[in-house]
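Below is one structure; the comments refer to it alone.
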Amino acid sequence: MELQKWYDIAAEEAKWQAFWEEKKIFRFDPDGTGEVFAVDTPPPTVSGKMHLGHAFSYAQQDFVVRYRRMRGMHVYFPFGTDDNGLPTLRLIEKTKGVKAEKMGRERFRKLCVETLENDLRPGYIKDWKRIAMSCDFDSFYTTINNHCRRISQKSFIDLYKAGREYRKEAPAMYCTECRTAISQVELQDAELDSFFNDIVFELEDGSDLIIATTRPELLPACVAIFAHPEDERYAKLFGKRAKVPLFDFWVPIMPSPRADPEKGTGILMCCTFGDQDDVEHYLEHKLPLKVAIDGEGNMTDLAGSYKGMSVSIARRMIIEDLKGRRKLLSQTPIRHTVNVHERCGTEVQILNSKQWFIRYLDLKEQMLAWGRELNWYPNHMRVRYENWVNGLRWDWCISRQIYFGIPFPVWYCAKCEAVILAREEDLPVDPITDRPPVTKCPKCGHGEFVPETDIINTWATSSLTPQIAADLYKGHPIHQRLYPMSMRPQAHDIITFWLFNTVVKSRLHNGVNPWKDCVISGHALDPRGKKMSKSKGNVVEPQKVMDEYGADCLRFWAASSKLGEDLPFMEKDLVTGRKFITKLWNASRFALMHLGGYAGARPKRLAPIDAWLLSRLHRLIKGATESFERYEYARTRLETEKFFWQVFCDNYLEFVKERLYNSEAFGPDEVLSAKYTLYQANLAIIKLMAPIMPHITEAVFQLYYAKHENEKSIHLSQWPAYDAKLVDEKAEKAGDLAVVIVGAVRRHKSENALSLKTELAMITVECTKQEEALLSGIEKDLLGVTKARRIAFGKADQDIPDTALRISIEQ
RNA sequence: GGGCCUGUAGUCUAGUGGCUAUGACGUCGCCUUCACGAGGCGAAGGUCCCCGGUUCGAAUCCGGGCAGGCCCACCA
């Protein structure tokens, strides 16, 4: 057999990827057989380039999917991209240098769709193919295509009909930079420098009341003042009023348990709206609404002379004016955390506006129960879900005032504002360009309608990925077996977004959990263990890593962390992966060289050293299989690697050489036993590593095994089967003793600066009768490895512990 | 402020009650070896974060600290 001496990673990986694609190895066959294993693949947000965190997390998913496929399961592993909503809008604005509002809705939408289709998406997906995701890339969706629009709009209609959705003018979190409402999950913390301002309010009797605030610009929106009901300092003021400085209007002073006597002056100024507490006070006490800030982040009429100023300028001006009137007692600089919008970092305002909500705060108990029904890997990730549910304080606001996304399938009667839904058979619709399905309002008979111009938040669509993916096979009998799905793989940072929302939607629509198992991966960190970010300049690009080391090495690295654990990127791990590839190639080359004429026959009896190897191998298979069943691919990698290097290469291959190069000295069955074992062990090793390093293992498989095993690809072959009959403790003891003897000889040669080839006159092993018996049948193999002319077994006292074999060597 | 995770050679890491604590990278020494010098063999390197407890026995279990990370809350 002609075997190339070096394995060229770049050329081989390209070659096998083309092979898989051409032969459609990973195509999903809906008519296939076996237990379905359906995967809710995360659709990555199209953002220019795959980053290392993606490579890390997606590689880990692919390990377990490939394993399941080799276990004979009917794998459904679709692929989608998320290219809907605000992130895409921002990306297009940036890459094309445009502003959505300036372009106009229609032109901008068209630009988005075309840019995605022609420029961004194809190149983006290539990276996922390059790390060898074994997805069926033809079972494909994008969260903005018609398939997803239809499902998303139908979801809206169904939940509306179920009474789960309402449109309401209500306080909602709002980003004045992006000019849209946002939801709780889109918040991020930011540490900002600010001032605690002690401001003087005037009481009815003319005395002062000091209130501390970080947001003086909200003074015109002040509607009440609260103090703790048991706060003796202020008890006498309840029911009285205070005058807001500068703006000179009176507000009531009321008790509220939410006011903390320890904080500031113990007085809480309630403005509509400064924070969540204000909202709750507003609702609880039915306070008036005073809007001081508009949707663009500027002061309204209410602010009088400050009208039109931005929040930050108004804040400064108001402080100046308070100082001027001696109404500012003091300013204390503080550093505090505020909520900002995760997309743009702008401080979030709470504004009253008309938004669509999914009502779900009443379901907290059920949500917790749903979370407990899922299998979490690793288990502790459930806590994050529960924390989130326990902390929920808002219904889910799903409307966004932006230009790009899936429209609400809704019109309103121009007269009575009745909600007119699209008909299901018309979906997807765009109410701006499409006509409503009625000509007269069913409520008031009016004939004019206005379209909803908001779009549905992207998470309200991507939380439907299980249904979206399954519905790609709608109408086929397989359809109903694809949902609920088997597994949701994802990283831990989006448990509160994507995972939680998907559970909610699936429950509300279908009353079931969307999947059985949640498999949560960690993050890729920089070499110093820090988070990677563009601003820190510590970003490692997976494309560059693959240029140098290839996908197998990158995957090898990704397989070195336990599931759910973050992992620093270490170039040395890539080097280790490359060494592993070289070693695997060379060991396989050796095996295949000697298997030339081997046709698969079994020996009548296994030689002792072969029994030892196969016994160890089957223990490995058992452990590796159990680990993979628990999604612990890292353990499979670790143990396979150890077995391959230490047991198979360092020792077994050395033992077996004697029978292969010097076969006349052995019986035919002993030689056959060697070939049989070599064949089985090498095949098992490449199969165990196949999910993690798909290219090198395919390359070896195709050299020889594909034909003999009659398989198209190693990735469609069967995972090694554990055979308990091959686990042989006696053989293991014997083989391990032989390894100890070889180790002693190697140490002797190394310490004496001798080549391992140096011949030895005699090795004397002092051991017990039992041990001598175990070693019988291995002498010839031992002589071969040690290059000794004779081996003798001296009698040892029974007292010698087995670990202390005494080995003497004569040159 | 609450919750969760993590702490093991210079570095990364395995190890949920029992061999001399795993492996890799790095370091040092030796070996041109018939699969592999893009290698091999060998060696050195440890307060298993600290303190207490349980136990015949603790890296492992319990309690209390300390340090790092993440999630959430607070935001007057």
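Order of the sequence lines sets the chain letters (A, B, ...), proteins ahead of strands, with each chain counted from 1.
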**Message:** One thing to verify: whether R746(A) and D650(A) come together as a salt bridge, which I'm taking to mean a side-chain N less than 4.0 angstrom from a carboxylate O.
**Reply:**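 No.
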
How far does the [atom1] atom of [N] sit from the matching atom of [M], given to the nearest Å?
{"N": "G52(B)", "M": "U11(B)", "atom1": "P", "value": "26 Å"}
{"N": "A9(B)", "M": "A21(B)", "atom1": "C1'", "value": "11 Å"}
{"N": "G46(B)", "M": "G10(B)", "atom1": "P", "value": "7 Å"}
{"N": "G64(B)", "M": "G18(B)", "atom1": "C1'", "value": "27 Å"}
{"N": "G15(B)", "M": "C56(B)", "atom1": "C1'", "value": "23 Å"}
{"N": "C48(B)", "M": "G40(B)", "atom1": "C1'", "value": "32 Å"}
{"N": "G53(B)", "M": "U6(B)", "atom1": "P", "value": "25 Å"}
{"N": "G45(B)", "M": "C50(B)", "atom1": "C1'", "value": "23 Å"}

If you only use heavy atoms from C-beta on, which nucleotide in [options] is closest to the side chain of [X]?
{"X": "N387(A)", "options": "C41(B), G2(B), C12(B)", "answer": "G2(B)"}
{"X": "K5(A)", "options": "G23(B), C36(B), U11(B)", "answer": "C36(B)"}
{"X": "W6(A)", "options": "C36(B), G69(B), C31(B)", "answer": "C36(B)"}
{"X": "W388(A)", "options": "C72(B), C12(B), A38(B)", "answer": "C72(B)"}
{"X": "M570(A)", "options": "C12(B), C31(B), A76(B)", "answer": "C12(B)"}
{"X": "R384(A)", "options": "A43(B), C12(B), C71(B)", "answer": "C71(B)"}
{"X": "L756(A)", "options": "U33(B), C36(B), G29(B)", "answer": "U33(B)"}
{"X": "A212(A)", "options": "G42(B), A76(B), C31(B)", "answer": "A76(B)"}
{"X": "K531(A)", "options": "C31(B), G23(B), C70(B)", "answer": "C70(B)"}
{"X": "R747(A)", "options": "C41(B), U22(B), A43(B)", "answer": "A43(B)"}

**Request:** Could you list by number each residue of residues 631-638 of chain A showing a heavy-atom separation from RNA chain B of less than 4.0 Å, or answer none if no residue does?
**Result:**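 Per residue number, the list reads R635(A), L638(A).
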
**Asked** Which of residues 575-586 of chain A sit near RNA chain B, with a heavy atom under 4.0 Å from it?
**Response**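 Only T576(A), K579(A), T582(A), K583(A), N586(A) qualify.
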
is_close_aromatic([X], [Y]), centroid dist under 6.0 Å:
{"X": "W557(A)", "Y": "Y549(A)", "value": "no"}
{"X": "F569(A)", "Y": "F56(A)", "value": "no"}
{"X": "Y679(A)", "Y": "Y705(A)", "value": "yes"}

Within the structure shown, what part of the strands sits under 4.0 Å from [X] by heavy-atom distance: base, sugar-phosphate, or nothing?
{"X": "D277(A)", "answer": "sugar-phosphate"}
{"X": "F196(A)", "answer": "sugar-phosphate"}
{"X": "C271(A)", "answer": "nothing"}
{"X": "D650(A)", "answer": "sugar-phosphate"}
{"X": "I267(A)", "answer": "base"}

**Asked** Parallel, tilted or perpendicular: which fits the ring planes of F226(A) and H285(A), with parallel below 30° and perpendicular above 60°?
**Response**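 Answer is tilted, since the angle falls between 30° and 60°.
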
**Message:** Which label fits W585(A) and Y7(A): parallel for a plane angle under 30°, tilted from 30 to 60°, or perpendicular past 60°?
**Reply:**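 Ring orientation of W585(A) relative to Y7(A): tilted.
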
Taking 4.0 Å as the cut-off, does a side-chain nitrogen or oxygen of [X] come that near to OP1 or OP2 on [N]?
{"X": "W376(A)", "N": "C4(B)", "value": "no"}
{"X": "K562(A)", "N": "G15(B)", "value": "yes"}
{"X": "R258(A)", "N": "A76(B)", "value": "no"}

Partner nucleotide of [N] by Watson-Crick or wobble geometry (both distances under 3.5 Å):
{"N": "C19(B)", "answer": "none"}
{"N": "G26(B)", "answer": "none"}
{"N": "A76(B)", "answer": "none"}
{"N": "C70(B)", "answer": "G3(B)"}
{"N": "U54(B)", "answer": "none"}
{"N": "U47(B)", "answer": "none"}

Can you check the [X] [atom1] to [N] [atom2] distance for me, whole Å?
{"X": "D526(A)", "N": "C70(B)", "atom1": "CG", "atom2": "P", "result": "12 Å"}
{"X": "I495(A)", "N": "C4(B)", "atom1": "CD1", "atom2": "C1'", "result": "10 Å"}
{"X": "K364(A)", "N": "C72(B)", "atom1": "NZ", "atom2": "P", "result": "15 Å"}
{"X": "E654(A)", "N": "C36(B)", "atom1": "CD", "atom2": "C1'", "result": "10 Å"}
{"X": "K657(A)", "N": "G40(B)", "atom1": "NZ", "atom2": "P", "result": "12 Å"}
{"X": "K572(A)", "N": "U11(B)", "atom1": "NZ", "atom2": "C1'", "result": "6 Å"}
{"X": "L574(A)", "N": "A38(B)", "atom1": "CG", "atom2": "P", "result": "20 Å"}
{"X": "E641(A)", "N": "C25(B)", "atom1": "CD", "atom2": "C1'", "result": "12 Å"}

With no hydrogens and no angle check, is any side-chain donor or acceptor of [X] less than 3.5 Å from a backbone partner on [Y]?
{"X": "S57(A)", "Y": "G53(A)", "result": "no"}
{"X": "Y704(A)", "Y": "L595(A)", "result": "yes"}
{"X": "T640(A)", "Y": "T636(A)", "result": "yes"}

**Prompt:** Can you list the residues that meet the side-chain contact (heavy atoms from CB on, under 4.5 Å) rule with K572(A), with sequence neighbours excluded?
**Reply:**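 Checked K572(A) against side-chain contact (heavy atoms from CB on, under 4.5 Å); matches are M570(A).
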
**Request:** I would like to know whether D573(A) and F556(A) meet side chain to side chain contact (heavy atoms under 4.5 Å, CB included); could you show each step before the answer?
**Result:** CA-CA 8 Å; D573(A) 292 342; F556(A) 184 84; 5.8 Å; no

**Prompt:** Would you call H695(A) and E13(A) a side-chain contact if the rule is heavy atoms closer than 4.5 Å?
**Reply:**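 The answer is yes, as the side chains (C-beta and beyond) meet within the 4.5 Å cut-off.
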
**Item:** Most 5' of K757(A) and H380(A) on RNA chain B, judged by nearest nucleotide
**Value:**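 It is H380(A) whose nearest nucleotide is closer to the 5' end.
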
**Request:** Using heavy atoms to find the nearest nucleotide of RNA chain B for E565(A) and R589(A) separately, return the residue whose nucleotide is more 5′.
**Result:**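 That would be E565(A).
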
**Message:** Can you confirm whether more than 12 heavy atoms, excluding those of E284(A), are under 6.0 Å from its CD atom?
**Reply:**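 Atom CD in E284(A) is packed in, count exceeds 12.
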
**Asked** How long is the gap from CG on D493(A) to CD1 on I520(A), to the nearest 0.5 Å?
**Response**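 If I round to the nearest 0.5 Å, the distance is 9.5 Å.
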
